[in-house]
Amino acid sequence: MAAQCAVALSRQHELTQRQRHEQHFERLVAESPVGIAAGDLSGKLTLVNDTYLRMLGFSRAEFELGQIDWASLTPPEYRASDEAAFQRAFAVGRSGRYEKEMLTRSGERFPVDVSLIRFDAGDTGSVVGWVQDLRPFRSAEQALREHNVRLEQQVAERTQLLEMHAQAQDVFVNFMEAAGLETNVLALVKQAVNSLQSSLPHSSAVYYELGGEGWQAKTWSPNLAPAALAPLQRGLPKDTPTLAPPCKRQT
C-alpha cells in the first residue's frame with residue numbers, strides 16, 4: 001500500500017512539474033517579442049503567439065479557425081530552404097538560423113530570420129519556429145548607409161574647400177612676392193589676373209587701359225572663351241557703363 005501511494009505521489013509530482021513547465025513555456029511564448037509558431041512542413045500551425053500574428057497581419061480568431069497556413073505565406077522560391085531547415089531540425093534538433101521572406105495578409109513581402117527546433121511532444125513531424133521580423137533592422141541599416149553617404153559628401157566638400165583655400169593662399173603669397181620684384185606693371189597685372197582666376201576658377205578677369213579710342217583689353221585670364229574675347233580685344237567705348245563710373249570717381 002505504501003509503495004502504491006509513493007508511485008501515485010511520484011506521478012502526481014511529475015504531472016505537476018509538467019504542468020508548470022507547460023505554463024512557463026506558454027508564458028514565454030505569449031510574451032516573446034519574437035514571433036513564435038509551431039507547425040509541420042505542410043504549413044499547418046498548432047501554436048502561434050501574438051507577435052507572429054501581428055507580423056503577418058492576422059487575428060487570433062483567424063488562427064483558431066485554421067485560416068493561417070505558413071507555407072502559403074512563403075514565396076515559392078524559399079520552399080526548398082524551408083524543407084532543408086525542417087530536415088536539419090528533425091535530424092539534429094535545430095535548423096540553425098537562416099533568412100527568407102514571408103508574405104503578410106495583404107501580400108507584402110518582408111524579410112525574416114528563422115530558427116527551427118524539433119518539437120518533441122510525441123509528434124516528430126512538427127517544429128517550433130522563432131521568426132524575427134527584419135524590417136526594423138533593414139530600415140536602420142538603410143538609414144545608417146544614407147547617413148554615411150551624407151558624411152562622406154560633407155567630408156569631400158570640406159576637403160575641396162580647404163584645398164581651394166590653400167591654393168588661394170599660395171597664389172596670394174606668390175603674387176605678393178612678385179609685387180616686390182616685378183618692375184613691369186603689365187606683367188604684374190597679368191599675374192594678378194591669373195591669380196584671381198586661380199582663386200575663383202569659375203570666373204574670368206580682364207584688365208583694361210583707357211586709350212584715345214576707348215578701353216583696350218591688355219591682359220585676361222586664360223579661361224576666357226574666344227567668342228567673348230574677340231570684341232574685348234577690338235576695344236570698348238569710353239562710356240561703357242561698367243568702366244566709366246569708376247574712372248569718373250578717380251578723376
Side-chain angles (χ1 to χ4, degrees), residues 10-149:
S10 176
R11 290 178 177 175
Q12 181 62 37
H13 177 72
E14 290 179 0
L15 179 61
T16 301
Q17 289 295 103
R18 180 180 300 177
Q19 290 175 341
R20 288 178 178 174
H21 286 310
E22 290 176 353
Q23 291 172 355
H24 181 63
F25 175 75
E26 291 174 357
R27 187 164 59 251
L28 289 176
V29 169
E31 297 177 0
S32 173
V34 176
I36 297 178
D40 58 29
L41 189 57
S42 70
K44 179 182 178 182
L45 292 171
T46 57
L47 176 150
V48 296
N49 67 353
D50 290 341
T51 303
Y52 185 85
L53 292 173
R54 286 194 298 269
M55 188 187 310
L56 297 173
F58 287 91
S59 67
R60 174 66 56 181
E62 289 170 317
F63 162 71
E64 293 174 352
L65 291 173
Q67 297 177 356
I68 306 176
D69 178 344
W70 71 261
S72 66
L73 296 173
T74 298
E77 63 267 30
Y78 295 99
R79 185 62 174 174
S81 61
D82 278 336
E83 292 179 357
F86 265 77
Q87 295 303 322
R88 289 194 301 272
F90 295 152
V92 299
R94 61 180 59 243
S95 67
R97 294 172 57 185
Y98 68 103
E99 291 188 13
K100 56 177 276 188
E101 288 184 331
M102 294 194 72
L103 302 172
T104 65
R105 180 176 183 173
S106 62
E108 175 192 356
R109 285 184 177 231
F110 68 101
V112 293
D113 182 272
V114 182
S115 180
L116 306 180
I117 296 179
R118 186 176 58 220
F119 190 29
D120 287 325
D123 182 1
T124 57
S126 296
V127 299
V128 177
W130 275 256
V131 186
Q132 175 71 61
D133 186 351
L134 294 180
R135 283 174 292 188
F137 300 97
R138 297 291 167 82
S139 297
E141 290 173 355
Q142 180 64 26
L144 180 60
R145 283 193 295 268
E146 293 175 354
H147 178 67
N148 289 337
V149 168

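Computed from a predicted model, the values in this text were never measured in an experiment. FYI, the numbering just counts along the sequence from 1.
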Subject >> Criterion side chain to side chain contact (heavy atoms under 4.5 Å, CB included) against Y52, the qualifying member of L47, L45, V34 >> reply: L45

Subject >> Short side-chain to backbone donor-acceptor contact, S95 and A85, under 3.5 Å >> reply: no

**OP:** Determine whether more than 12 heavy atoms belonging to other residues, nucleotides or ligands lie under 6.0 Å from atom NZ of K44.
**Re:** no

Subject >> Backbone N/O of Q132 and side chain of D113: donor-acceptor pair under 3.5 Å >> reply: no

**OP:** Can you see which heavy atom on D133 is nearest to which on P136, and at what distance?
**Re:** O-CD, 3.5 Å

Original post:
Side chains of W70 and D82: closer than 4.5 Å at any heavy-atom pair?
Top reply: yes

Original post:
What are the two closest heavy atoms between V127 and A89, and how far apart are they?
Top reply: CG1-CB, 4.0 Å

**OP:** Decide, yes or no, whether a salt bridge links R138 with E101 under the criterion of side-chain N to carboxylate O below 4.0 Å.
**Re:** no

Subject >> Which residues share a side chain to side chain donor-acceptor pair (under 3.5 Å) with S72, sequence neighbours left out >> reply: none

Original post:
With side chains defined as the heavy atoms from C-beta onward, is the minimum distance between I68 and V48 less than 4.5 Å?
Top reply: no

**OP:** Using modelled atom types only, decide if a donor and an acceptor are shared between the side chain of R97 and the backbone of S115 within a distance under 3.5 Å.
**Re:** no

Original post:
Got more than 12 heavy atoms from elsewhere within 6.0 Å of CZ, R60?
Top reply: yes

**OP:** Evaluate the side chain to side chain contact (heavy atoms under 4.5 Å, CB included) criterion for residues N148 and L144: first the C-alpha distance (whole Å), next the side-chain angles of each, then the deciding distance (0.1 Å), finally the verdict.
**Re:** CA-CA 6 Å; N148 289 337; L144 180 60; 3.9 Å; yes

**OP:** Any salt bridge (charged side-chain N to carboxylate O under 4.0 Å, His left out) involving residues 83-94? Give me the pairs, sequence neighbours left out, ordered by first then second residue.
**Re:** R79-E83

Subject >> Derivation of the side chain to side chain contact (heavy atoms under 4.5 Å, CB included) call for M55 and M102 >> reply: CA-CA 10 Å; M55 188 187 310; M102 294 194 72; 5.7 Å; no

